[in-house]
Amino acid sequence: MKLHVNKEEQIESNSSSVKQKIKVMLGASFLMATSAIGPGTVTQVAVFTESLLTSFSFVILISAFLNIGAQVNIWRIISIAKLKGQDIANAVFPGLGYFITSLIILGGIAFNMGNLAGAGLGLNALTGIDANIGSAITALLCIFIFLSKEAGFAMDFVVRWLGLLMIVLTGYIVIVSDPPIAEATLRTFVPLELSFYSIITIVGGTVGGFITFAGAHRLLDAGISGPENLSRVTKSSVFGISVTAIMHILLYLAVLGVVSKGFSLDPSNPTASAFFYAAGEIGYRLFGLVLWAAGITSAIGASYTTISFFTTFHLKLSKYRKLWIIIFLIFTCSVLISIGRPVLLLILASSFNGLILPITLASILLAAHNKRIIGDYKHPIWLTIFGVIVVILTTYFGVNTLIETLPQLF
């Protein structure tokens, strides 16, 4: 009887462990996806949809292609090496990890200011409270999540359900805006117009900077790594990429349905005006909820991942990890409220992060064939080739973007 009870307890324990692992994997997927769908992306998709119309479908396709090439390579190598991105880079070339970390921190600060600003604007649209107060409330909620006893699980829960909420609400706007889906589908493969700036900006906001490492670092912290978990890690990365693509498509179609009917978006808040034209006052309130959800989930992802890039350098840094996250949130919120101008900062950060991607991905690809780092693991050649193509394309798009935008700064 005792053996029978112990066996039942073991089965129950194993079942609970599997469920917990699935929740962590979903949390990692949504952490990456929601980090890639912040207020900046919500705004940029609306702006580029209005300027490119159905040709923006091609930009979404290219960004999804680049996303796959970057994410799958990075998640797999981090899992096999059981090292975070900066430590892998240092193992490839001494000092490279410190250089990448400095770039990630700069981009993370700029991004988080935009995330908190977007969350504040979302609460303003939803409730009417002052945007700065909304940003401060959002930062405090993030701090509360990270101070909780099971911060990792709390983070997973929040990003998972708010990510689903964004998809559902934006899907409703797509239905009522009635976009020209047939034309959009055609232009996915045969665009009438091509913009390097839109590609590198969307790519930068999707897989640039810290975003590519968010989910992979989360799985590593949760102990889901190594050859035995490689299949799970790959599936988690692909699921996160799919969530990002779905949200991009829904946002695009929601705005396309409005602008295709001849409406002009408000330059100061293009997505809000699109939701309002589509569904009136209800649409405007839904926009506020979507923008706030995008802001707080991205702020969680930016804070967690940015700090994860330097806490491995020293034991004391790792010991006070939660404190560093709180300082990061307080600092970015304080600078935002005192200085402002988050929209311009966020767009520049997206472009900047797009230029970081070739460096970070190249270091991962070099590590993928370094036995000192990955041991006996054999990285698929097709994934390496895919990754190299992404490095070449993002470098090309990034250089062209600089050529396009630098003259406008003088």
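Both backbone and side-chain heavy atoms feed into the values below; hydrogens, waters and symmetry mates do not.
Pairing each heavy atom of Leu83 with each of Ile78, the nearest pair is O-CG2, 3.3 Å. Here the closest non-hydrogen pair linking Leu336 and Ser135 is CD2-OG, 3.8 Å. Nearest heavy-atom pair, Ala70 versus Leu357, reported as atom, atom and distance to 0.1 Å: CB-CD1, 4.1 Å. Closest approach of Gly27 to Val159, counting heavy atoms only: O-CG2, 3.8 Å. Closest approach of Ile77 and Ala368 over heavy atoms only: CD1-CB, 3.5 Å. Between Thr244 and Ala36, the shortest heavy-atom distance links the atoms CG2-CB, 3.9 Å.
The backbone N or O of Trp75 sits nowhere less than 3.5 Å from a side-chain atom of Ser79 that would complete a donor-acceptor pair. Ser298 places no side-chain N or O within 3.5 Å of a backbone atom of Gly295 that could act as its donor or acceptor partner. In this structure a side-chain-to-backbone donor-acceptor pair under 3.5 Å is missing from Asn124 to Gly120. Side chain of Thr306 to backbone of Ser303: no donor-acceptor contact under 3.5 angstrom is found. Between the side chain of Ser55 and the backbone N or O of Glu193 there is at least one donor-acceptor pair closer than 3.5 Å. Although no hydrogens or angles enter the test, the distance criterion places no donor-acceptor pair under 3.5 Å between the side chain of Thr311 and the main chain of Arg321.
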- Message: Checking Ile100 against Phe309 for the side-chain contact (heavy atoms from CB on, under 4.5 Å) test, could you report, in this order, the C-alpha distance in whole Å, the side-chain angles of both residues, the deciding distance, and whether it holds?
- Response: CA-CA 9 Å; Ile100 288 175; Phe309 260 87; 4.3 Å; yes
- Message: With side-chain contact (heavy atoms from CB on, under 4.5 Å) as the criterion, how do Ile80 and His379 come out once you've worked through the C-alpha distance, each side chain's angles and the decisive distance to 0.1 Å?
- Response: CA-CA 10 Å; Ile80 289 295; His379 195 56; over 6 Å; no
- Task: Given side-chain contact (heavy atoms from CB on, under 4.5 Å), test Trp292 with Leu126 step by step and report yes or no.
- Result: CA-CA 9 Å; Trp292 176 77; Leu126 185 63; 5.7 Å; no
- Task: Walk me through it: do Ile133 and Ile137 pass the test side-chain contact (heavy atoms from CB on, under 4.5 Å)?
- Result: CA-CA 6 Å; Ile133 294 176; Ile137 290 173; 3.9 Å; yes
- Check step by step if side-chain hydrogen bond (donor to acceptor under 3.5 Å, both in side chains) holds for Ser236 and Ser29. CA-CA 6 Å; Ser236 186; Ser29 298; 2.9 Å; yes
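Here the side chains of Leu53 and Glu183 are not in contact, with every heavy-atom distance at 4.5 Å or above. At a threshold of 4.5 Å between non-hydrogen side-chain atoms, the residues Phe56 and Val45 count as touching. Within the 4.5 Å cutoff, the side chain of Phe239 has heavy atoms near those of the Phe30 side chain. Residues Val243 and Ile167 are in side-chain contact: their nearest non-hydrogen atoms beyond the backbone lie under 4.5 Å apart. You'll find the side chain of Thr212 reaches within 4.5 Å of the side chain of Gln71, heavy atoms only. Residues Thr305 and Met32 are not in side-chain contact: their nearest non-hydrogen atoms beyond the backbone lie 4.5 Å or more apart. Put simply, the side chain of Ile104 does not reach to within 4.5 Å of the side chain of Gln86, judged on heavy atoms. Side-chain atoms of Thr234 and Arg76, non-hydrogen and from C-beta on, do get closer than 4.5 Å to each other.
Heavy atoms from other residues, nucleotides or ligands lying under 6.0 Å from NZ of Lys319 number 12 at most. Heavy atoms of other residues, nucleotides or ligands lying less than 6.0 angstrom from CZ of Phe276 number 12 at most.
In this view, Phe331 and Ile109, Val335 satisfy the side chain to side chain contact (heavy atoms under 4.5 Å, CB included) rule, not counting sequence neighbours. For Ala299, the side chain to side chain contact (heavy atoms under 4.5 Å, CB included) partners at least two apart in sequence or on another chain are Asn112, Asn115, Leu116, Cys142. For Phe263, the side chain to side chain contact (heavy atoms under 4.5 Å, CB included) partners are Val258, Lys261, Tyr277, not counting sequence neighbours. Scored by the ring pair (Phe, Tyr, Trp, His ring centres under 6.0 Å) test, Phe146 finds no partners at all (sequence neighbours excluded).
Atom CG of Leu66 and atom CD1 of Ile241 lie 11.0 Å apart (nearest 0.5 Å). Taking CG of Leu96 as the start and OG1 of Thr101 as the end, the distance is 9.0 Å to the nearest 0.5 Å. The CD1 atom of Ile145 lies 4.0 Å from the CD1 atom of Ile300; values are rounded to the nearest 0.5 Å.
The salt bridge (charged side-chain N to carboxylate O under 4.0 Å, His left out) analysis of residues 110-121, with sequence neighbours excluded, yields no pairs. Sorted by first and then second residue, the salt bridge (charged side-chain N to carboxylate O under 4.0 Å, His left out) pairs with a member in residues 163-174 form an empty list; sequence neighbours excluded. Applying the side-chain hydrogen bond (donor to acceptor under 3.5 Å, both in side chains) test to every pair with at least one member in residues 147-165, sequence neighbours left out, gives these pairs: Asp156-Arg218. Counting only residues at least two apart or in different chains, salt bridge (charged side-chain N to carboxylate O under 4.0 Å, His left out) contacts with residues 358-382 are absent.
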Side-chain polar contacts of residues 245-253 - donor-acceptor pairs under 3.5 angstrom, sequence neighbours left out - could you list them?
from, atom 1, to, atom 2, distance (Å)
Tyr252, OH, Thr54, O, 3.2
Tyr252, OH, Ser57, OG, 2.6

Would you give me the side-chain donor-acceptor pairs under 3.5 Å for residues 380-389, sequence neighbours excluded?
from, atom 1, to, atom 2, distance (Å)
Thr384, OG1, His369, NE2, 2.7
Thr384, OG1, Pro380, O, 3.4

Sequence neighbours left out, cut at 3.5 Å: what donor-acceptor pairs do the side chains of residues 279-291 make with other protein atoms?
from, atom 1, to, atom 2, distance (Å)
Glu281, OE2, Arg285, NE, 3.1
Glu281, OE2, Arg285, NH2, 3.0
Arg285, NH1, Ala125, O, 2.6

Under 3.5 Å, which donor-acceptor pairs link side chains of residues 222-232 to any protein atom two or more places apart or in another chain?
from, atom 1, to, atom 2, distance (Å)
Asn229, OD1, Arg232, NH1, 2.8
Asn229, ND2, Ser225, O, 3.0

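Note: Tyr304 and His217 fail the aromatic proximity criterion, with ring centroids not under 6.0 Å apart.
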